[in-house]
Enquirer: 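Dumping the structure here so I can ask a few things about it.
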Amino acid sequence: MNKVTASDEQDKVITFQSASAEKTISLKVQEWIDLRHQVTLLAETLEKMRLAEYIAYLNRPGRLLWYNFLTGLVRGLGTALGAGALAGVAYFLLKRIVVLNLPVIGGFIAELSKYVQQP
């Protein structure tokens with residue numbers, strides 16, 4: 001059973017008494033207004049975060065697994081393509097260094113180039 005009372009126009013105090021909990025909470029009207037404002041801000045923040053949609057997404061494990069599988073597949077493909085492109089650029093640059101005939105590096109790169117061109 002809830003009971004709300006107000007006293008004194010200047011210091012309006014609202015008393016909330018719950019039947020289940022033997023506890024009485026007394027707050028001034030301004031404190032209730034501030035509390036309501038904070039709850040409203042919290043609700044708006046949760047809406048912006050789309051928390052309800054995220055929780056619904058987590059409640060479907062099949063969809064979650066499928067999405068994570070596809071994400072992993074795309075990441076793996078991107079990693080392989082990126083590593084291949086980087087290795088190609090490095091090989092091209094090393095081949096150019098061989099043309100310069102640098103004493104120590106040139107011989108090493110020429111030997112590396114032989115290994116790369118073998119079938």
Side-chain angles (χ1 to χ4, degrees):
M1 180 183 216
N2 296 336
K3 183 173 123 183
V4 177
T5 59
S7 65
D8 256 357
E9 284 298 315
Q10 293 177 350
D11 291 330
K12 289 184 182 176
V13 175
I14 298 175
T15 303
F16 179 78
Q17 187 175 19
S18 175
S20 62
E22 297 176 12
K23 193 174 190 181
T24 302
I25 301 172
S26 297
L27 294 174
K28 292 185 177 181
V29 171
Q30 185 60 40
E31 291 172 333
W32 281 103
I33 291 171
D34 291 342
L35 182 62
R36 182 177 175 164
H37 178 69
Q38 291 296 324
V39 169
T40 304
L41 287 176
L42 179 63
E44 289 173 0
T45 302
L46 291 176
E47 281 295 319
K48 288 178 186 175
M49 290 173 46
R50 298 171 56 187
L51 186 64
E53 293 173 13
Y54 180 68
I55 291 172
Y57 172 73
L58 290 178
N59 286 332
R60 295 182 61 194
R63 184 175 180 199
L64 182 64
L65 288 172
W66 179 248
Y67 180 77
N68 284 330
F69 172 74
L70 289 178
T71 302
L73 194 64
V74 169
R75 283 184 183 168
L77 181 63
T79 301
L81 290 176
L86 186 61
V89 168
Y91 178 73
F92 176 75
L93 291 175
L94 291 174
K95 205 170 177 182
R96 290 288 182 163
I97 291 174
V98 169
V99 174
L100 295 174
N101 284 332
L102 297 174
V104 176
I105 301 174
F108 173 72
I109 295 173
E111 196 172 317
L112 182 66
S113 179
K114 287 180 193 175
Y115 288 120
V116 170
Q117 291 178 359
Q118 286 181 354

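Computed from heavy atoms alone, side chains included, the values below leave out hydrogens, waters and symmetry copies. No experiment lies behind these values; they were computed from the predicted model shown. Start at 1 with the first residue, then count along the sequence.
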Enquirer: How many angstroms lie between atom CD1 of I33 and atom CD of Q38, to the nearest 0.5 angstrom?
Expert: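 One gets 13.0 Å once the value is rounded to the nearest 0.5 Å.
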Enquirer: Please go through L65's hydrophobic cluster and name the other residues, only I, L, V, M, F, W, Y counting, with side-chain heavy atoms under 4.5 Å joining them.
Expert: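 Reading the cluster by chain and number, L65 sits alone, since nothing else belongs.
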Enquirer: Output every pair passing ring pair (Phe, Tyr, Trp, His ring centres under 6.0 Å) with a member in residues 65-97, not counting sequence neighbours, ordered by first then second residue.
Expert: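 Found W66-F69.
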Enquirer: What verdict does the side-chain contact (heavy atoms from CB on, under 4.5 Å) test give for V74 and L70, after you've listed the backbone C-alpha separation in whole Å, the side-chain angles of each residue and the deciding distance to 0.1 Å?
Expert: CA-CA 6 Å; V74 169; L70 289 178; 5.5 Å; no
Enquirer: Please set out all donor-acceptor pairs under 3.5 angstrom arising from side-chain atoms of residues 41-54, sequence neighbours excluded.
Expert:
from, atom 1, to, atom 2, distance (Å)
T45, OG1, L41, O, 2.9
R50, NE, E53, OE1, 2.7
R50, NH2, E53, OE1, 2.6

Enquirer: Working to the nearest 0.5 angstrom, can you tell me the gap between L35 CG and T40 OG1?
Expert: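 The CG atom of L35 sits 9.5 Å away from the OG1 atom of T40.
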